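Here is the naming used below: chain letters follow the sequence lines, and residue numbers restart at 1 for every chain. A quick note: this is a predicted structure, and the numbers were derived from the prediction, not measured.
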Amino acid sequence: DAKTTQPNSMESNEEEPVHLPCNHSTISGTDYIHWYRQLPSQGPEYVIHGLTSNVNNRMASLAIAEDRKSSTLILHRATLRDAAVYYCILRDWAQGGSEKLVFGKGTKLTVNP
Amino acid sequence: DTAVSQTPKYLVTQMGNDKSIKCEQNLGHDTMYWYKQDSKKFLKIMFSYNNKELIINETVPNRFSPKSPDKAHLNLHINSLELGDSAVYFCAVQDRSSYNSPLHFGNGTRLTVT
């Protein structure tokens, strides 16, 4: 399984931007970078994904390094509701060509009021 | 309507019992998964069904048996429950016909074996 490395925890203040880093030095050329987050007592929730170019959606932005060995999830204005564990995941194809997402430990984001 | 719903939300049972967890989706997606999140918060895939066909079966004890009666349901039956089975079990669904489509997770079933 392709591996990712994330800080165990990060802290931010409300209404400030948050940059969540992820290292994936063994990424292969066709691996997509996915981000999910898990709010307390809920299931994981899709945030964003990308391949090479930076991506934006209503939840966040994804900045991907030129060599693709790292990426950064950007929350432009953190709210208390963004407090969650954020997972950076590389797509992994299992047997039968089915997609298998392998979750690591993630980064626990604390947002201070 | 909740897109992916799991029942029950909480399940407390004794060792040796047999129990089932149910998952239902109203998204019409073709692939359903079971994930297990243990006390250390690691999420691990257990099974995956595509159009009622088993396509992923990780190293899971035979006591765990998924059943898909139709495309909208994927149930997880666990025989002879053990203390180590205590965890939160998540159902997820995906539209595999759409490349790189995201997984949609339910809110989990917290299983406690005493």
Side-chain angles (χ1 to χ4, degrees), chain A residues 1-6 8-9 27-53 55 57-60 62 64 73 83-109, chain B residues 2-7 9-10 21 23 25 27 29-60 66 74 87-110:
Chain A
D1 298 339
K3 298 262 190 266
T4 63
T5 305
Q6 299 177 253
N8 288 335
S9 62
I27 190 171
S28 72
T30 54
D31 276 338
Y32 278 76
I33 302 157
H34 291 250
W35 283 81
Y36 283 73
R37 71 180 185 181
Q38 187 173 17
L39 302 172
S41 301
Q42 293 190 25
E45 172 188 32
Y46 167 79
V47 178
I48 200 167
H49 77 270
L51 182 63
T52 57
S53 304
V55 184
N57 65 21
R58 64 175 179 82
M59 290 181 72
L62 177 59
I64 302 173
L73 180 71
V85 177
Y86 286 79
Y87 297 97
C88 170
I89 303 163
L90 300 183
R91 191 189 67 185
D92 180 14
W93 290 92
Q95 67 268 28
S98 175
E99 184 165 358
K100 181 175 75 171
L101 292 185
V102 178
F103 287 79
K105 294 181 182 180
T107 296
K108 183 175 182 179
L109 174 66
Chain B
T2 303
V4 182
S5 59
Q6 296 181 226
T7 53
K9 187 174 175 64
Y10 300 97
I21 304 171
C23 178
Q25 59 128 338
L27 296 172
H29 290 347
D30 57 0
T31 303
M32 299 183 73
Y33 301 80
W34 277 110
Y35 277 79
K36 177 182 179 181
Q37 188 167 42
D38 59 25
S39 57
K40 294 182 179 180
K41 303 297 185 184
F42 285 111
L43 262 166
K44 292 185 179 178
I45 189 170
M46 300 175 69
F47 302 102
S48 173
Y49 270 75
N50 178 263
N51 288 321
K52 294 178 58 180
E53 180 184 347
L54 182 65
I55 52 175
I56 294 177
N57 186 346
E58 293 294 288
T59 308
V60 177
L74 180 63
V88 183
Y89 292 84
F90 289 99
C91 176
V93 303
Q94 184 188 26
D95 176 9
R96 291 279 293 130
S97 64
S98 177
Y99 190 69
N100 251 319
S101 60
L103 269 65
H104 302 272
F105 285 82
N107 281 329
T109 295
R110 181 175 294 277

Chain A contact via B:Q37 - side chain, backbone, both or neither, heavy atoms under 4.5 Å: side chain

Interatomic spacing from OH in A:Y46 to CD in B:Q94 - rounded to 0.5 Å: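 If we round to the nearest 0.5 Å, A:Y46:OH and B:Q94:CD are 11.5 Å apart.
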
Flag, side chain of B:Y33 to backbone of A:L101, donor-acceptor distance under 3.5 Å: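 No, because the side chain of B:Y33 does not come within donor-acceptor range (under 3.5 Å) of the backbone of A:L101.
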
Heavy atoms from other residues, nucleotides or ligands near CD of A:Q42 exceed 12 (cutoff 6.0 Å): yes

Pick from A:G43, A:S41, A:G104 with the largest number of heavy-atom pairs that fall under 4.5 Å of chain B: A:G43

Flag side-chain contact, heavy atom, 4.5 Å: A:Q38 against B:L43: yes

